[in-house]
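Given the structure is predicted, the values throughout are model-derived calculations rather than measurements. Residue numbers run from 1 in the order of the sequence given.
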Amino acid sequence: MRQLTSTNGRLAMNRLIDRRRFFQSVASTAIAGGLGLSWAEAAEPKTTPQRIPSASYKPNPFAAKLPIWQLARPKAALPNSYFWTWDRRCNWMRDDPGMIDYGSNGIYLKKPETFVEDYRRLTDFSAGLGVKGITIWGFLRDNHGGIDAAKRVIDYANSKNVAIMPGIGTNAYGGVYYRGDHPYNMETFLKKHPEVASVSTHKGHCAVCPSHPRFQDWIREGIQWLFKEFEIGGANLENGDRGLCNCPRCKKLRAEAPKGEVPFWQDQYLGYAPALEVLKPHLKEKLIVWATYQGFLPGTAPTKQDKYAFLGESKPRVFDRLPREAIAQWNMSWMMRKKPLPLTAYLDDGAPHKALNHDLWKEGAKPPVPRNVAYVTRGMLSDRCRTHISHIKEACLCGYRAGLEGISMYGEVSSTIVPYALNYLAFSHFIHWPEDTMRQFGVKTLGQVLGSEEEGEAFTEYLSHWDARSLSDAQKKDAFKRAAALKDQVRYQGKGLDRWRFWNWLTLMMKGWVEPETVSIT
């Protein structure tokens, strides 16, 4: 970078600001290095005079827009699909100093206005990809604006026909109002009514006794308030994973369960039943799901490692006791291949036998209730900036064959991160066409992003062979040729940045580079 002197310091600082804006749009200085531009060349065309009064500066003509695409889409085969997010990890505005990747013990560290902007951007992205909704955990939180900020998020989402689904903790996870001094926040409630606290195995979490009548009245009232106060498109209910209350009343109720039933199903039922009771008028028209934390495969797990993929020898009672119109949310990742198939397995076969039949999943698997969605988690949090396209494809294919209404995945990473942009584009494609091949993904979806069906197909073919470690020399040569041509367009004309970012990333992967992600305080 050029040295700033006393005579040109103000001018250089203005240029520095423009340069920073350019590289924020590219998303990382590692990618900028691959382009081979100096800071000055990237920020300004060569014809720009060296000295211009600062008042005359205009926005950088090379600056790129956030990668938010408007894709042509038919009616989705998995129509009730959605992005799942935590407010504190939803990083679409990437210059907030409180940005984290995961962790933080539930604390929101970003500026209050960032909450609204993060979800404005994700809303635009969801609408452009044909994704129906967004789950927001931490939707109501005092330190990012409480009710007023939440209403701004919802008003904008409603204008784009995107359903906002607040996360609601029943037995734990904060209640209706996740964090703050509010009657429907769980910690506030328990300070007033300590007798309702769980005799708990919810380690590290504030939790209630789900069989206590006062809790059941409180959760009903809170949900009634939520749906009256906000024009929301649904809700995502969680009871607090597998924690249990061990008070005498809860233990007595669990003792009445059939022999062999896993204990947490009873506590789930106690937390979800009063909530779904008051939501019954909304169940058919809104996207309201309750988390099982489980897979739905029948029978007993072959190994201890696979126990969460299976329901056991008999169907737990909870599935016959909750309203049939409510949507069960299953953890799809428990039931899928431990090692995803290489992308070449899907290149020209949209439903390979190995995806539909393996140690756990067998073709014909069905969940035990009428309405179902699934949640894909494996690798997408601890390894947030990698491609997970095979996993996404498998989930959409198997979910569709099992009769699910939708698939959900994390939507917290900005689309400026190329591998995650590819994950999102694959998610959008396969919830609409779950039995399509990777080649069809390239033609129908990446073709819209990269400018032509031919380029989309070529990119997908090379991506699939890179993933399978089967690239030919001719494929590598063509990929580098395409990236170099786009680099010159960006360098001299300020055009084609979106396309170049994809090809540059892929060629760097071919060289064995790893794209770094440096912003994390966890």
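Of the inter-residue distances, the one linking Asp181 atom CG with Thr188 atom OG1 reads 5.0 Å to the nearest 0.5 angstrom. Separating the CZ atom in Arg179 from the SG atom in Cys206 is a distance of 9.5 Å, to the nearest 0.5 Å. Met93 CE to Lys111 NZ: the interatomic distance, rounded to the nearest 0.5 Å, is 7.0 Å. With rounding to the nearest 0.5 angstrom, the CG atom of Leu450 is 6.5 Å from the CZ atom of Phe502. Rounded to the nearest 0.5 angstrom, Gln294 CD and Gln329 CD are separated by 13.0 Å.
Between Asp306 and Lys338 there is a salt bridge, since at least one side-chain N of the basic residue sits less than 4.0 Å from a carboxylate O of the acidic one. The pair Arg337-Glu394 fails the salt-bridge criterion, with no side-chain N (NZ, NE, NH1 or NH2) lying under 4.0 Å from an Asp/Glu carboxylate O. Checked for salt-bridge contact, Arg401 and Glu435 meet the test: a charged N lies under 4.0 Å from a carboxylate O.
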Is there a side chain to side chain donor-acceptor pair (under 3.5 Å) between Tyr293 and Glu238? Walk through the geometry before answering. CA-CA 9 Å; Tyr293 306 105; Glu238 293 206 23; 2.7 Å; yes

Exercise. After noting the C-alpha distance and the side-chain angles of Arg386 and His388, does the key distance pass the side chain to side chain contact (heavy atoms under 4.5 Å, CB included) rule?
Worked result: CA-CA 6 Å; Arg386 306 280 182 177; His388 301 287; 4.0 Å; yes

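Of the candidates Ile134, Thr377, Thr135, Val376, Thr135 is the only one forming a side chain to side chain contact (heavy atoms under 4.5 Å, CB included) with Trp84. Checked options Tyr178, Tyr177, Trp86, Phe230; the residue passing with Phe139 is Phe230 (criterion: ring-ring contact (aromatic ring centres under 6.0 Å, His included)).
Taking the six-membered ring for Trp and the full ring otherwise, His182 and Trp225 have centroids separated by under 6.0 Å. A distance below 6.0 Å separates the ring centres of Phe125 and Trp92. In this structure, Phe83 has its ring center at least 6.0 angstrom away from the ring center of Tyr410.
Looking at Lys393, its side chain does come within 3.5 Å of a backbone N or O of Gly350 through a donor-acceptor pair. Using a distance-only test at 3.5 Å, with no hydrogens or angles considered, a donor-acceptor pair links the side chain of Asn171 to the main chain of Asp267. Remark: the backbone N or O of Leu122 is paired with a side-chain donor or acceptor of Ser126 at under 3.5 angstrom. Side chain of Thr114 to main chain of Lys110: no donor-acceptor pair is present (N/O by atom type, distance under 3.5 Å, no hydrogens or angles). Distance alone, capped at 3.5 Å, places no donor-acceptor pair between the Arg141 side chain and the Asn143 backbone. Not a single donor-acceptor pair under 3.5 Å links the side chain of Gln216 to the backbone N or O of His212.
Residues Thr170 and Asn239 bring no donor and acceptor atom of their side chains to less than 3.5 Å of each other.
Environment of NZ in Lys362: crowded, with over 12 heavy atoms of neighbouring residues, nucleotides or ligands closer than 6.0 Å. The number of heavy-atom neighbours closer than 6.0 Å to OH of Tyr184, taken from other residues, nucleotides and ligands shown, is above 12. No more than 12 heavy atoms of other residues, nucleotides or ligands shown are found within 6.0 angstrom of CD on Glu187.
Relative to the ring axis of Phe264, Arg242 places its NZ or CZ within 45° and under 6.0 Å from the centre.
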